[in-house]
Protein chains: 2
Amino acid sequence: MKIGELARRSGVKVETVRYYEREGLLPEPARSEGNYRLYREAHAERLDFIRHCRALDMTLDEIRALLACQDDPDQPCEEADALIEAHLGHVEQRIAQLSRLKAELEGLRRRCAGQGKVGECGILNELSQPVDPPATLEHAHVGGVHPRR
Amino acid sequence: MKIGELARRSGVKVETVRYYEREGLLPEPARSEGNYRLYREAHAERLDFIRHCRALDMTLDEIRALLACQDDPDQPCEEADALIEAHLGHVEQRIAQLSRLKAELEGLRRRCAGQGKVGECGILNELSQPVDPPATLEHAHVGGVHPRR
DNA sequence: TGACACCCTGTAGTCACTATAGGGTCAAGG
DNA sequence: CCTTGACCCTATAGTGACTACAGGGTGTCA
Ligand SMILES: [Zn+2]
Ligand SMILES: [Zn+2]
Ligand SMILES: [Zn+2]
Ligand SMILES: [Zn+2]
């Protein structure tokens, strides 16, 4: 299987597959006579694993750690379980933070009468008030509201 | 007021202030004889506005648009209000998405008996299953669960 | 022989900063 | 006058997880 077919099967771009190889998440595959990468089923499964984890918003570092567990199947699974638990914590923290932002945005919205001019709008006046620096979460990584195109 | 004092007052780094200037969010201030930036109250207010918006996870593009409204105080405030409304949508979308991830992670956690080896752990086996590509949200930008250090 | 789809490497761009390197300015103390 | 130290300046590169080229090579078909 060449890189294009692997990428299609797992729903990623070809460049992403090569990126995962550079990052050490996918092992270097065999090469054809013409220097093309040649993949096997095991590569496709590993790529699905990675994409599954990415769909859960894990970092590549978290995924690397999980893959290291998986590559050692006789070890107890405590470490892998702890990684999932920790990441669940990251997601929960981010949900809590975004819920606070949502409440603040809804409060902001209520401060606009709707027919006024910018100079009188409660929204913009409120936003000019200083803000106490947002508490920096320790291992937070579950990110932005805005996607990359 | 020199850049260090401005930065301290608004709780940002000096480099961030210079970055906002390069990005056109803060106007270029006057310079001292020794080429130091000299700021006034209006600059501090504008910086507070920017930080307030960033604390709500708006992008710099969204903030630029809001600042453009604010710089034109006789216009009706509809556009500014629509920007806030749209961003509230971004936050709500991201909360919904993260809630789905949270449910899936909790489901994963239940698949581990707790005393097994990695090879038998339901978590890792489940993660090896392919995943349908996550629906790409149109203007999503409210990002990751994982923070930058 | 040419067209075309696919593959290769290497580099640069994204976003919102952050962190250096390598210098200049300015007030106080010796 | 000279040094120390805090502050300032510009310019450049790094972060994460990709994405998009540029500039070439390979393989198959007509
Ligand atoms: Zn995580
Ligand atoms: Zn309004
Ligand atoms: Zn937004
Ligand atoms: Zn387990």
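Sequence lines set the chain letters: A, B, ... in the order given, protein chains first and strands last, and positions in each chain run from 1.
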| query | Run the salt bridge (charged side-chain N to carboxylate O under 4.0 Å, His left out) check on A/E106 and A/R110 step by step: do they pass? | reply | CA-CA 6 Å; A/E106 285 167 345; A/R110 278 194 299 275; 5.4 Å; no

| note | The bend of the helix from C/dT1-D/dA30 to C/dG30-D/dC1, taken between the axes of its five terminal pairs at each end and rounded to 10°, is 40°

| Are any of the side-chain heavy atoms of A/L56 and B/L105 separated by less than 4.5 Å? | yes

| request: Round to the nearest Å and state the distance from B/L47 atom CG to C/dC17 atom P. | output: 11 Å

| Rounded to whole angstroms, how far apart are CE on A/M58 and P on D/dA17? | 13 Å

| task | Could you state the atom-to-atom distance from CG of A/D57 to C1' of D/dC18 in whole Å? | result | 14 Å

| Residues within residues 5-25 of chain A bordering DNA chain C, heavy-atom distance below 4.0 Å | A/R18

| message | Nearest whole Å is fine: how far is D/dG16 C1' from A/H90 NE2? | response | 16 Å

| Between atom CG in B/L56 and atom P in C/dA16, what is the gap in whole Å? | 14 Å

| request: Decide whether A/E104 and B/H52 meet the rule of one side-chain donor and one side-chain acceptor closer than 3.5 Å. | output: yes

| note | A/E33 atom CD is separated from C/dC8 atom P, nearest whole Å, by 15 Å

| said: Has A/H87 got a side-chain atom pairing as donor or acceptor with A/I84's backbone, closer than 3.5 angstrom? | reply: no

| query | Does any non-hydrogen side-chain atom of A/R37 lie less than 4.5 Å from one of A/R31? | reply | yes

| field | For B/N125, all residues meeting side chain to side chain donor-acceptor pair (under 3.5 Å), sequence neighbours excluded | value | none

| message | What I'd like to find out is whether the side chain of B/C77 reaches to under 4.5 Å of the side chain of A/I123, using heavy atoms alone. | response | no

| query | Of all of residues 34-45 of chain A, which get a heavy atom below 4.0 angstrom from DNA chain D, listed by number? | reply | A/G34, A/Y36

| Please give, in whole Å, the distance from D/dT15 P to A/D61 CG? | 12 Å

| said: Classify A/S32 by what it touches in the nucleic acid, base, sugar-phosphate, or nothing, heavy-atom distance under 4.0 Å. | reply: nothing

| query | If we ignore angles and hydrogens, is there a donor and acceptor under 3.5 Å between the side chains of B/R94 and B/Q97? | reply | yes

| Does B/D71 have any side chain to side chain donor-acceptor pair (under 3.5 Å) partners at least two apart in sequence or in another chain, and if so, which? | B/R46

List the atom pairs, with distances to 0.1 Å, where a side-chain N or O of residues 2-16 of chain B and a protein N or O form a donor-acceptor pair under 3.5 Å, not counting sequence neighbours.
unit_1 : atom_1 : unit_2 : atom_2 : d
B/R9   : NH1    : B/E41  : OE2    : 3.2
B/R9   : NH2    : B/E41  : OE1    : 3.1
B/S10  : OG     : B/D48  : OD1    : 3.1

| query | Any sub-3.5 Å donor-acceptor pair from B/Q93's side-chain atoms to B/H90's backbone N or O? | reply | no

